[in-house]
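See below for the structure under consideration.
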Amino acid sequence: MISRKQRGFTLLELLVVLVILGLLASLVGPQVLKQVGTSKSKAAALQIEEFATALDLFHLEVGRYPTTQEGLEALVNKPGGARFWNGPYLAKKVVRDDPWGNPFEYRSPGQNGPYDLYSLGADGRVGGDGDDADVVSWE
């Protein structure tokens with residue numbers, strides 16, 4: 001015969017535990033997701049800073065920033081007519097996409113400086129708030 005101590009949990013006890021876990025998840029879950037979105041925006045800002053440093057070095061050696069047509073690829077592959085190119089200017093020798101998997105937008109000459117470099121955020125569209133906000137090089 002099985003004694004009462006060996007029978008295990010009752011259905012009511014299991015339901016109570018599930019309710020408690022659900023309450024904890026509803027309190028903690030949104031905070032964790034908020035931090036994940038914020039870290040992607042911070043990662044995009046750091047990538048833009050890395051590109052900006054490489055673009056400045058390209059400018060020092062070549063005498064100009066890459067054109068819009070040459071794009072960020074000019075930092076890893078010598079563009080035609082770049083006489084004093086001494087790259088690649090990125091440590092990984094590859095132009096990575098933003099944290100949301102979209103290519104960074106690059107325009108030279110820019111509307112906000114010698115070049116505009118930005119990520120369109122999580123939604124991939126201009127503007128937005130929170131995770132959808134653009135991450136730009138000129139602010």
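Remember, it's a predicted structure, so these values are computed and weren't measured experimentally. Side chains are part of it too, since the values below use all heavy atoms of this structure and drop only hydrogens, waters and symmetry mates.
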(request) Of all the heavy-atom pairs spanning P66 and A74, show the shortest one and how long it is. (result) CB-CB, 3.7 Å

(request) May I ask you to test the E61-Y89 pair for a side-chain heavy-atom distance under 4.5 Å? (result) yes

(message) Clusters formed by hydrophobic residues whose side-chain heavy atoms approach within less than 4.5 Å: which one holds V17, and what are its other members?
(response) L21

(message) Within the structure provided, determine whether L75 and F58 are in side-chain contact (heavy-atom separation under 4.5 Å).
(response) yes

(message) In the structure I gave you, are the side-chain heavy atoms of Y65 and D56 within less than 4.5 Å of one another anywhere?
(response) yes

(request) Grab the two heavy atoms, one from L55 and one from L117, that are nearest each other, plus how far apart they are. (result) CD1-CD2, 4.2 Å

(request) Decide yes or no for Q47 and F104: does some side-chain heavy atom of the first lie under 4.5 Å from some side-chain heavy atom of the second? (result) yes

(message) Between K78 and E70 (salt bridge meaning N to carboxylate O under 4.0 Å), is one present in this structure?
(response) no

(message) Between R125 and D132, is there a side-chain heavy-atom distance shorter than 4.5 Å?
(response) no

(message) Quick one, E50 and L90 - any side-chain contact, counting heavy atoms below 4.5 Å?
(response) yes

(message) Do N102 and D97 have side chains that approach each other closer than 4.5 Å (heavy atoms only, starting at C-beta)?
(response) no

(request) Identify, with sequence neighbours excluded, every residue that meets side-chain hydrogen bond (donor to acceptor under 3.5 Å, both in side chains) alongside Y118. (result) none

